[in-house]
Trainee: 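I'd like to ask some things about the structure below.
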Amino acid sequence: MSPRTTTIAKAVNEGLRRAMEDDPKVLVMGEDVGRLGGVFRVTDGLQKDFGEDRVIDTPLAESGIIGTAIGLALRGYRPVCEIQFDGFIYPAYDQIVSQLAKMGYRSGGKLSLPVVVRVPYGGGIGAVEHHSESPEAYFAHTAGLRVVTCSNPADAYFMTQQAIRSDDPVMVFEPKRRYWDKGELDPAAEPLPLHAARVARAGTDVTVAAYGPMVRTVIEAATAAEAEGRSLEVVDLRSLSPLDLDTLVASVERTRRLVVVHEAPTFLGLGAEIAARVTERCFYHLEAPVLRVGGFHLPYPASRLEDEYLPDLDRVLDAVDRALAF
Amino acid sequence: MTVPAVGGPGGRPPQPPLVQLLTPEGERVEHPDYSLDVTPDELRAFYRDLVLVRRVDAEATALQRQGELGLWASLLGQEAAQVGSGRALAPQDYVFPTYREHGVAWCRDVDPVTLLGLYRGVNLGGWDPAEHNFHLYTIVIGSQTLHATGYAMGVQRDGAVGTGDPARDTAVIAYFGDGATSQGDVNEAFVFASVNNAPVVFFCQNNQWAISEPNERQTRVPLYQRAAGFGFPGLRVDGNDVLAVHAVTKAALDRARRGEGPTFVEAFTYRMGAHTTSDDPTRYRIEAEVEEWKLKDPIARVKALLARTGQAGEEFFAEVEAEADRLAGHVRGACLAMPDPEPVSMFDHAYRDPHPLVEEERAWFAEYHAGFEPAGLEQAGAVAAGEARR
Ligand SMILES: Cc1ncc(C[n+]2csc(CCOP(=O)(O)OP(=O)(O)O)c2C)c(N)n1
Ligand SMILES: [Mg+2]
């Protein structure tokens, strides 16, 4: 396949398709993923091409989806579960946290649970409640799960396949408001390892770390800052558990300042963990405390308020100003 | 691997009889267990409710198309299920709806305009549940069935069942869809209601679809038959027959109020429109099915009965149309006039008592926001670069 421009949604679709072609044990399951192709059309055409045995329209029950995926995995399959929206993952929380995450450990390594859970997440699409949440920290906090998130089509394509190949359970958070963002995809390229962070834009004055939907926001902020004479280095974290701290620390040692940006509330979010760990490793390099930009300590508000709630270019630059002013 | 078709060719389970008092052609029929005396006034009132509710729904769909609402979940086709059951409620009864119960809201005197706030994105549910005994809309599928059951357990503890006082005895009704019956929460609600003999009616609108998934993806038995396994009665009613829905719901509510426990009512109906305005049903269902259900329209049959029996004439029908237009005008006008909330208001109500972190963030936000206003800019000379940006 030749390099091309595609969207994140299509790239996930192609990643799933490749994985299903490569391994007959790969299954896709979830609500409306078959005939409809998913509410975001991410699984479009898969049921037609791989059949109802491999692309399963499940009953409307998230705990059931993950619980039966665990059983299928025990039988040698590699289920890829779609949770329709972030806010509907909680009925499956017990199966994910108590069973999926811990079963391998409980078995003393005798069992492997190669289950992938795909979650369209984040806000910015003007949706009604429960359709705009960022629950990634709950899962990153849970030992036994790997947690990754893509910000562009190439990562979407490769990370989907890498997650499916992993013998551990992997939560893949997909930035739903960026599903239709375009980017380059070269299927023949050598992908980064699943858990590597990436310097998305080089800079010298402040490191801004982000992931998923906020990567684009931060790159736009970096462009705006450049016009004002400030050089931001943007790190796309890509993996939330494990964290690739080496890439981040190397950047912070150069810039001596770090701002972490995510949509999820800052209180006990990924930014808090990153701030603590980067501070431990870079204490003598830092010119300013690590600052965080994120959601407030509130339930996700009504959609007409989401532009005020969500971090945006101005909020990122405000934090950059504060980091530089120390 | 093939799952054998349910009940032979075609895959549809053999359909059991349903309670019906008014045929699609508008003929009154008798049912051995459910009878209903309806005065001409009552029949005209049902007709009026059905027409008004449909008109509000159509207006909301139009408002969404014009960008005034972010989303709308249409009740088109389900008017009789909602009005028939909603009008069976006593004032003290309590309702736990999904996101589609605009017709029940109407019966509980919730101004339709208030329903739009959630879909316009200006709030998360604008009405006072206690004022109408009508809970907030619940979007997470099935959750509200447990809330209804718990509420009903509270009713029992208050001694508000089985007293024989019609103004005191209270029933609770939980609305949910066919898809919802697969959720653990819903099945747990059945268990809790059953073992507690709670005064709750489980009102399932089986509109045949859960987004793109037909009934067969959720069940291999008619849904109402599940109730037996949980230990309470279930029945299927023609959900497009407002009289039958009214009669069976009234009986189920009365039974709950007498302290005889839960009932599962399966209102067999059809989602005539898309799942929501974001959905495209042409991707997964055939038009012939919709056409078939058009012949079972819930409003046409009431109109036919009214006209044929001389209980209403052209003048009445025209009056209701005119009232529907006025109501739609009110909904449209009030929707357009609905202001966006003040940004800082998002910090209200996350807690009842002050929470230091929320207060800190509120103060930060207010100050940050002030920096964007013209007056704020003048004072913000210190951050010169910031000014240029803003
Ligand atoms: C827990 C949960 N999972 C998924 C969804 C997404 N979703 C919204 S409506 C719906 C289908 C509901 O079908 P049904 O219960 O039949 O009700 P209907 O919409 O047909 O009235 C789904 C899957 C949700 N709202 N909540
Ligand atoms: Mg349904």
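In the text below, chain A, chain B and the rest are named by the order of the sequence lines, each starting its count at 1. Quick caveat, the model's predicted, so the values are computed rather than measured.
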Trainee: Is the number of heavy atoms from other residues, nucleotides or ligands within 6.0 Å of CZ (A/Phe88) greater than 12?
Mentor: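 Atom CZ in A/Phe88 is crowded, with more than 12 foreign heavy atoms closer than 6.0 Å.
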Trainee: Roughly how far, to the nearest 0.5 Å, is the NE2 atom of A/His131 from the CD1 atom of B/Ile139?
Mentor: 6.0 Å
Trainee: Chain A heavy atoms under 4.5 Å from B/Asp340: which part of the residue, side chain, backbone, both or neither?
Mentor: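 Interface part for B/Asp340: side chain.
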Trainee: Where is the tightest heavy-atom contact between B/Ile211 and A/Gln84, given as atom of each residue plus distance?
Mentor: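 Heavy atoms of B/Ile211 and A/Gln84 come nearest at CD1-OE1, 3.5 Å.
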Trainee: Quick check on A/Pro301 against chain B: is it the side chain, the backbone, both or neither that has a heavy atom closer than 4.5 Å?
Mentor: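 It is both, since atoms from each part get that close.
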Trainee: Kindly indicate whether the side chain of A/Asp314, heavy atoms from C-beta on, has any atom under 4.5 Å from the side chain of B/Phe372.
Mentor: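 In short, these two side chains touch, coming nearer than 4.5 Å.
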Trainee: So which atom in A/Arg41 and which in B/Asp280 form the shortest heavy-atom distance, rounded to 0.1 Å?
Mentor: NH2-CB, 4.2 Å
Trainee: Should the heavy atoms of other residues, nucleotides or ligands under 6.0 Å from CZ of B/Phe192 be counted, would the total exceed 12?
Mentor: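 No.
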Trainee: Does A/Tyr138 have more than 12 heavy atoms from other residues, nucleotides or ligands lying within 6.0 Å of its OH?
Mentor: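 Count not over threshold, so no.
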Trainee: Relative to chain B, which of A/Glu31, A/Glu306, A/Glu62 shows the most heavy atom pairs under 4.5 Å?
Mentor: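 Most pairs with chain B among the choices: A/Glu62.
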Trainee: If I measure from the heavy atoms of chain A, does B/Arg362 come under 4.5 Å with its side chain, its backbone, both, or neither?
Mentor: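 Contact with chain A: none, neither part.
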Trainee: Taking side chain as C-beta onward, heavy atoms only, is A/Glu129 less than 4.5 Å from B/Leu118?
Mentor: yes
Trainee: Pick whichever of A/Thr58, A/Val39, A/Ile56 has the most heavy-atom pairs under 4.5 Å with chain B.
Mentor: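 Of A/Thr58, A/Val39, A/Ile56, A/Thr58 has the most heavy-atom pairs under 4.5 Å with chain B.
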Trainee: Select one option (side chain, backbone, both, neither) describing which atoms of B/Val122 are under 4.5 Å from chain A's heavy atoms.
Mentor: both
Trainee: Would you say the side-chain atoms of A/His297 and B/Glu360 include a donor-acceptor pair closer than 3.5 Å?
Mentor: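 Not at all, the side chains of A/His297 and B/Glu360 share no donor-acceptor pair under 3.5 Å.
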Trainee: Is A/Tyr309 close to chain B through its backbone or its side chain, or both, or neither, when contacts mean heavy atoms under 4.5 Å?
Mentor: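 Its backbone and side chain both get close to chain B.
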Trainee: Testing the basics here: between B/Ala180 and A/Leu60, what is the closest heavy-atom pair and its distance to 0.1 Å?
Mentor: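 Heavy-atom minimum between the residues: N-CD1, 4.1 Å.
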Trainee: Is A/Arg54 in contact with chain B via its backbone, its side chain, both, or neither, using a 4.5 Å heavy-atom distance?
Mentor: neither
Trainee: Over 60° means perpendicular and under 30° means parallel, so classify the ring planes of B/Phe365 and A/Phe296, tilted if in between.
Mentor: perpendicular
Trainee: Is the shortest distance from a Lys or Arg side-chain nitrogen in B/Arg283 or A/Asp32 to a carboxylate oxygen in the other one below 4.0 Å?
Mentor: no
Trainee: Given that the side chain runs from C-beta out, which part of B/His369 has a heavy atom under 4.5 Å from chain A: side chain, backbone, both or neither?
Mentor: side chain
Trainee: Can you tell me how far the CG atom of A/Leu305 sits from the CG atom of B/Leu124, to the nearest 0.5 Å?
Mentor: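 Reported to 0.5 Å precision, the distance equals 8.5 Å.
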Trainee: Is it true that, when you exclude B/His349 itself, more than 12 heavy atoms of the residues, nucleotides or ligands shown sit nearer than 6.0 Å to its NE2?
Mentor: no
Trainee: Write down the atom of A/Arg304, the atom of B/Gly67, and the distance for their closest heavy-atom approach.
Mentor: NH2-O, 4.4 Å
Trainee: Quick check on B/Glu342: does its CD atom have over 12 non-hydrogen neighbours (other residues, nucleotides or ligands) under 6.0 Å away?
Mentor: no
Trainee: Heavy atoms only, distances under 4.5 angstrom: which of B/Thr181, B/Ile141, B/Asp178 has the most pairs with chain A? Name it, please.
Mentor: B/Ile141
Trainee: Work out which heavy atom in B/Gln218 is nearest to a heavy atom in A/Pro59; give both atom names and the distance.
Mentor: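 That closest heavy-atom pairing would be OE1-CA, 3.4 Å.
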Trainee: Over all heavy atoms of both residues, which pair between A/Gly30 and B/Glu213 is shortest? Give the atoms and the distance, please.
Mentor: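 Closest pair (atom of A/Gly30, atom of B/Glu213, distance): O-OE2, 3.8 Å.
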